[in-house]
Structure formats: C-alpha cells, structure tokens
Amino acid sequence: MILHVGACVGWLLLHLLVAGTWRSSLAARLGEGGFRLLFSLLSALSLTAMIVTYLQAPIVWLWATSPSLNAVAMLLMLPACLLLVASLRTSNPTLAGADMLLGDLLPTIGITRVTRHPMLWAFVLWAIAHMLANGDLATLLLCAAILLSAANGMLSIDRKKLRRFGPAYAEFKSKTSLLPFAAILSGRNELRLREIGWLSVVIALCLYGLAYWMHGRLGAPILL
C-alpha cells in the first residue's frame, strides 16, 4: 500500500508542480512543444505506476458495496462518457493544444455551453463513480488522485488561458461556467443539443457499452 500511496502522491505533485509552479520555467527552456512532450511522458509513467501499484495493493475495505451504489456509478458514467467524447471536438478551447481564436473571441459552442472543462469533469465523474462502486482504500487513493488533479486542472487552465488570451478568455469565462449547467441556469448561456451532435452521443454510448463489456471480462461485473 505504501508504494500505491507514493504513486498517487507522485501523480498529484506532477500536476501541481510540473504542470503548475514549474511550468513557465520548463516551457521557457524546452519550448512549448518540448514541455508538452515531457509532461505527456511523465504523465504516462506516473499513471502506469498508479495502476501497477493499485493492482498489487492489498484490499482494505472502507465501506460495503451494494447494487444501489453500483447503479449510481453506472448512471454517473453515462454523462462522463458524453463529456469525454464531446470534449474532444476541435471547438473546445480548453482542450490541450487547442489555442484558437475566432476573430477576437474564443468559441462558446457545443459542450462548452454546459461547462468549459468537459474533459476534466469526465474524469471527476469517473473517479466518483469508481470510488462509490468499489469501497476499498486502494481505489479511494487512485480515484482521489485523479479527482484532485482534475479539479486543480480546471483552475490552472483558467489561469493559463487568461494569461494567454486576456480579454478573449475573460469573455469566454463570462459566458461559460466551471460547474456544469451553472451558466445556463444563470441565463448567461443556453443549452443547444444540436451543437453537441448525435455523433457524439452515439460514440459516447458505444464507449459506455465497451466499458460495460470490459468490466464483465477483465474485472468485477458491474451489476454485482
């Protein structure tokens, strides 16, 4: 378990320090492309370490699993899949590397009307779902590391994009929200399902179905 704790802490420090505090100096030395390559490699290694140590960690139960918790987890994974798929559209300006301007503005369309951080919210929902469905310490540590890095990433991206785009990103922030549906409920935006597109929904359902199928063969069946 100690190795798993270390791997999870390493993941958090990677995102807090390398992608946060040290980012500007590293990017100045390596260039933006070099920094992204380095961070991608370190992230892959850190994620691999978390997975390997998770599989080797002893099972320490914190709460009992139940069909009700599994059902909640399954429901949470539906919007998680849709948020993940929709976030990969090129019209998402908070996607890594998607530094685009339309005239002097950032586009506010599709899933960004719901939240300006759809991919990170997909990770948050994934983490919550799997914490609920498993109930053991190793899973809690793994999912907490993912959840905390995603939540920090939302704030970090806002700061970076605001420095890069200035008034354009400030305008984008004013029309969108960090919390899902907050901008829509406050009247600053409106939900347009057509912009999200049926293709995104179909792909998300296929991804959900694939995950369901894999859980029954590579791990514990979802409904048990």
Side-chain angles (χ1 to χ4, degrees), residues 15 19 68-133 143-144 146-213 215 222:
H15 287 77
S68 298
L69 289 176
N70 284 337
V72 172
M74 290 178 66
L75 289 174
L76 288 175
M77 286 306 299
L78 277 170
C81 288
L82 180 57
L83 285 165
L84 179 63
V85 171
S87 73
L88 297 175
R89 299 282 294 272
T90 56
S91 58
N92 174 19
T94 57
L95 185 65
D99 296 337
M100 81 287 283
L101 281 170
L102 294 179
D104 294 326
L105 299 175
L106 289 161
T108 308
I109 58 177
I111 200 67
T112 56
R113 295 182 182 275
V114 177
T115 172
R116 62 178 173 270
H117 297 293
M119 179 177 287
L120 295 178
W121 270 108
F123 297 155
V124 168
L125 292 179
W126 176 91
I128 294 173
H130 285 76
M131 280 192 286
L132 290 175
C143 293
I146 299 293
L147 190 156
L148 291 173
S149 63
N152 175 73
M154 298 180 198
L155 302 177
S156 178
I157 288 173
D158 280 346
R159 291 193 298 268
K160 295 170 188 174
K161 298 289 184 178
L162 189 58
R163 287 196 300 266
R164 180 177 179 85
F165 293 114
Y169 196 78
E171 178 71 12
F172 175 74
K173 282 186 64 179
S174 71
K175 295 179 179 179
T176 60
S177 61
L178 187 150
L179 295 176
F181 295 104
I184 295 172
L185 293 175
S186 66
R188 292 182 286 122
N189 213 317
E190 59 184 13
L191 181 63
R192 296 184 184 179
L193 296 176
R194 182 176 297 179
E195 291 181 358
I196 297 174
W198 282 107
L199 181 60
S200 293
V201 175
V202 170
I203 295 175
L205 289 174
C206 290
L207 178 62
Y208 183 86
L210 177 63
Y212 183 94
W213 178 82
H215 272 72
I222 291 180

J.: Hey, does the side chain of Y208 reach the backbone of M74 with a donor-acceptor pair shorter than 3.5 angstrom?
T.: yes
J.: Kindly determine whether T112 and K175 satisfy side-chain contact (heavy atoms from CB on, under 4.5 Å), including the steps that lead there.
T.: CA-CA 9 Å; T112 56; K175 295 179 179 179; over 6 Å; no
J.: I'd like to know if the side chain of R188 reaches the main chain of S174, judged simply by a donor and an acceptor atom lying under 3.5 Å from each other, with no hydrogens or angles considered.
T.: yes
J.: Measure across A170 and L162 and return the closest heavy-atom pair with its distance rounded to 0.1 Å.
T.: N-CD1, 3.8 Å
J.: Going from CG on L75 to CE on M77, what distance comes out if it is rounded to the nearest 0.5 angstrom?
T.: 11.5 Å
J.: For the side chain of S156 and the backbone of N152, is there at least one donor-acceptor N/O pair under 3.5 Å apart?
T.: no
J.: Looking at side-chain heavy atoms only, is the closest gap between W126 and C81 below 4.5 Å?
T.: no
J.: To the nearest 0.5 Å, what is the distance between CG (L179) and NE2 (H117)?
T.: 10.5 Å
J.: If you look at every heavy atom in S87 and P118, which pair is closest and at what distance?
T.: CB-CG, 3.6 Å
J.: Rounded to the nearest 0.5 Å, how far apart are CZ of R116 and CG of N189?
T.: 11.5 Å
J.: Can you name the one residue among L84, I111, L83 that meets side chain to side chain contact (heavy atoms under 4.5 Å, CB included) with W121?
T.: L83
J.: Any heavy-atom pair between the side chains of L155 and L178 that's under 4.5 Å?
T.: yes
J.: Enter the distance from M131:CE to C143:SG here, rounded to the nearest 0.5 Å.
T.: 5.5 Å
J.: How many angstroms lie between atom CZ of R164 and atom CD1 of I157, to the nearest 0.5 angstrom?
T.: 13.5 Å
J.: Are the side chains of M154 and T115 in contact, using a 4.5 Å heavy-atom criterion?
T.: no
J.: When you compare the side chain of L205 with that of V201, does any pair of heavy atoms fall below 4.5 Å?
T.: yes
J.: Calculate, to the nearest 0.5 Å, the distance between atoms OG1 and CD belonging to T108 and E195 respectively.
T.: 9.5 Å
J.: Restricting to non-hydrogen atoms, name the atom on V85 and the atom on S200 that form the minimum distance, rounded to 0.1 Å.
T.: CG1-O, 3.6 Å
J.: If every non-hydrogen atom of A86 is compared with every non-hydrogen atom of I196, which pair is closest and at what distance?
T.: CB-CG2, 4.5 Å
J.: Where does the angle between the aromatic ring planes of F165 and Y169 fall among parallel (under 30°), tilted (30 to 60°) and perpendicular (over 60°)?
T.: parallel
J.: State, yes or no, whether a side-chain contact exists between H130 and I146 at a heavy-atom distance under 4.5 Å.
T.: no
J.: Just wondering, do E190 and I184 contact through their side chains at under 4.5 Å, heavy atoms?
T.: no
